[in-house]
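These notes concern the structure reproduced below.
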Number of protein chains: 2
Amino acid sequence: MAARPPLSTAIADRIAARIADGDLMAGDRLPSETDLAEQFECSRATVREALKRLAARNLIRTARGASGGAFVADLTYAAALDAHVSTSTLLLSMNAVDFQTAAEARFALERACADLAVANHQQADLSRLMAAIDTLDGPIDDAAFCAADVAFHRALVDAGRNPVLSYQLAGAVEAMQPLMNMLTYADRDRATILTLYRRIADALRDRDAVAIRAILSELEASMLMLFQTGQSRRNAR
Amino acid sequence: MAARPPLSTAIADRIAARIADGDLMAGDRLPSETDLAEQFECSRATVREALKRLAARNLIRTARGASGGAFVADLTYAAALDAHVSTSTLLLSMNAVDFQTAAEARFALERACADLAVANHQQADLSRLMAAIDTLDGPIDDAAFCAADVAFHRALVDAGRNPVLSYQLAGAVEAMQPLMNMLTYADRDRATILTLYRRIADALRDRDAVAIRAILSELEASMLMLFQTGQSRRNAR
DNA sequence: GCGACATAAATGTCAGACAATCAAATGTCA
DNA sequence: TGACATTTGATTGTCTGACATTTATGTCGC
């Protein structure tokens, strides 16, 4: 026999279903814990455990005090992105995804938004790209280089001006940062990458999607080589 | 002054940090609730609320009985995908993403994996595609049609043979199913879609990535028109 | 009118108890 | 000895009742 699942998870699922169905809308207030306990015929402690599960999933937020209580959360892109990134990061680290697979996925996704970026980008997007390039060109350590690198790629993704695409892609790109952080960049490598980035910015300005895709593929090859030489050096040590 | 955040969230965060840092590895067992309560100098109820939060995030799983307890979860692609899909679905519904934006993102992502699918697909992938097409060709209702539709797209994505890409894309595709479910398919529409799907399968077999991308763009245009005619019919009613 | 204070409602935390579950140790019998 | 039943200990799940903390709101005195 399957072990009976805990009551608290069942309650959490029932409330979550009501939220997903639109039965409870964002901003709505749930009944108080005492009322819910009565409604579900269980103790307040059990209801609380259910509510904590929902809070952890960003489905509700709670406030203390009079006119406090549990409210259906107004899920923002930022909050969802946080959750997506943390889950993805953990997934990649736990399943020991190798660098090549991650890079392959990442650049495939980025090439996907080249068309949209070319079609929809605005001046602000180009400015963000250039700002990231300027940062990368300065005297910064590897961690800062990676962070600016992520900023560059996010700017490129956001240039597509499609929030759904940005959300999905930004999650993927940021989740892979720990893997990218394993790289160390020699001065010559940085110069190579920067050249490619400048060419991407130029191609975007010229609205040349084919070129962007090609440069991204070049970039992927460079990163892969960078990783492999770094690894062989580590092994030889 | 900023209100002091609840103690239980602080404890949850501390444990989560230890997991993320690799301090606690997958499969490791956490101390018992009683021990943790002693360690964090709080009551067992507070520890429990913290653990429930972690469980909701798929970071730990708990088991009752002797040699039970809380274990660091071995996060699987399936579990992460579940979380990704449910968050994304909620995000799209709450933020009232319009059909066009969602479709644009979805097809851009799918076009991204055309190259990989062409390069890496195996016979099993083609079989799955054909099986989905056969299902779609049968006498099924709109909901089943949508489900089979998702199966087709997942098969296409999985043909890239890159688990990271599949995870990201499958999450995006499935999250958009509720939006796609708003469509109703007349017989003629189904025939149009099926024709395009068959062409995609053929192009994959012929390893023609350019063709796949083109057909996907055709498909996007068809879906968009389908949606718009449906909407104008609804408005005229 | 306005600030200080009491009130009420809600979540957050605590303590202790009991129930349910499960694995391993232990006992029993052929 | 070996297979099967039983006990036992550890652990999570749930309940109960209480108190602490936070916050909006009303009330009193001025």
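Side chains included, hydrogens not; waters and symmetry mates left out as well; all remaining heavy atoms used. Each chain gets a letter, A, B and so on, in the order the sequences are listed, and its residues count up from 1.
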Please tell me which of the listed nucleotides, D:dT11, C:dT11, D:dT14, lies nearest to the side chain of A:Thr62? C:dT11
Can you check the A:Phe71 CZ to C:dA9 P distance for me, whole Å? 16 Å
Counting only side-chain N and O atoms of A:Lys52, is one of them less than 4.0 Å from OP1 or OP2 of C:dT11? no
Check the angle between the aromatic planes of B:His153 and B:Phe107 and answer parallel, tilted or perpendicular using the 30° and 60° thresholds. perpendicular
How is A:Ser8 classified with respect to the nucleic acid when contacts are heavy atoms under 4.0 Å: base, sugar-phosphate, or nothing? sugar-phosphate
Distance in angstrom units between A:Glu41 CD and D:dC15 P, rounded: 11 Å
Determine the contact category for B:Arg29: base if any of its heavy atoms lies under 4.0 Å from a base atom, sugar-phosphate if only primed atoms, P, OP1 or OP2 are that close, otherwise nothing. sugar-phosphate
Would you mind reading off the distance between A:Ile11 atom CD1 and D:dG13 atom C1', rounded to a whole angstrom? 12 Å
To the nearest angstrom, how far is A:Arg53 atom CZ from D:dT12 atom P? 14 Å
Ring-plane angle category for B:Phe152 and B:Tyr197, please: parallel below 30°, perpendicular beyond 60°, tilted otherwise. parallel
Round to a whole Å and report the spacing from CG of B:Leu7 to C1' of C:dT11. 14 Å
In whole angstroms, how far is the P atom of D:dA18 from the CD atom of A:Glu33? 18 Å
Rounded to the nearest 0.5 Å, how far does CD of A:Gln122 lie from CG of A:Asn120? 8.5 Å
Hey, does the side chain of B:Arg48 come within less than 4.0 Å of D:dG13's phosphate (OP1/OP2), counting only N and O? yes
A:Arg14 to A:Phe40 six-membered ring, cation-pi geometry met (6.0 Å, 45°): no
With respect to the side chain of A:Arg64, which nucleotide from D:dA24, D:dT22, C:dC22 is positioned closest? D:dT22
Atom-pair distance (CG on B:Leu36; P on D:dT12), nearest Å: 8 Å
The side chain of B:Ala66 lies closest to which of these nucleotides: D:dT14, C:dT11, C:dC22? C:dC22
Does atom CD of A:Gln39 have more than 12 heavy-atom neighbours from other groups under 6.0 Å away? yes
Tell me which pairs pass side chain to side chain donor-acceptor pair (under 3.5 Å) where either residue lies in residues 69-80 of chain A, with sequence neighbours left out. none
More than 12 heavy atoms of other groups within 6.0 Å of A:Arg29 CZ: yes
How many Å lie between CD1 on A:Ile60 and P on C:dA10, as a whole number? 15 Å
Among D:dG13, C:dG12, C:dA23, the one nearest any side-chain atom of B:Ser67 is C:dA23
Quick one: does A:Ser93's side chain have a donor or acceptor within less than 3.5 Å of a partner on A:Leu90's backbone? yes
Any A:Thr46 side-chain nitrogen or oxygen under 4.0 Å from OP1 or OP2 of D:dC15: yes
Secondary-structure stems, DNA chain C, at least 3 Watson-Crick or G-U base pairs under 3.5 Å: C:1-30 with D:1-30
The side chain of A:Glu49 is closest to which nucleotide in this list: C:dC14, D:dT11, D:dT14? D:dT14
Please state whether the base of D:dG17 and the side chain of A:Arg44 form at least one donor-acceptor pair under 3.5 Å? no
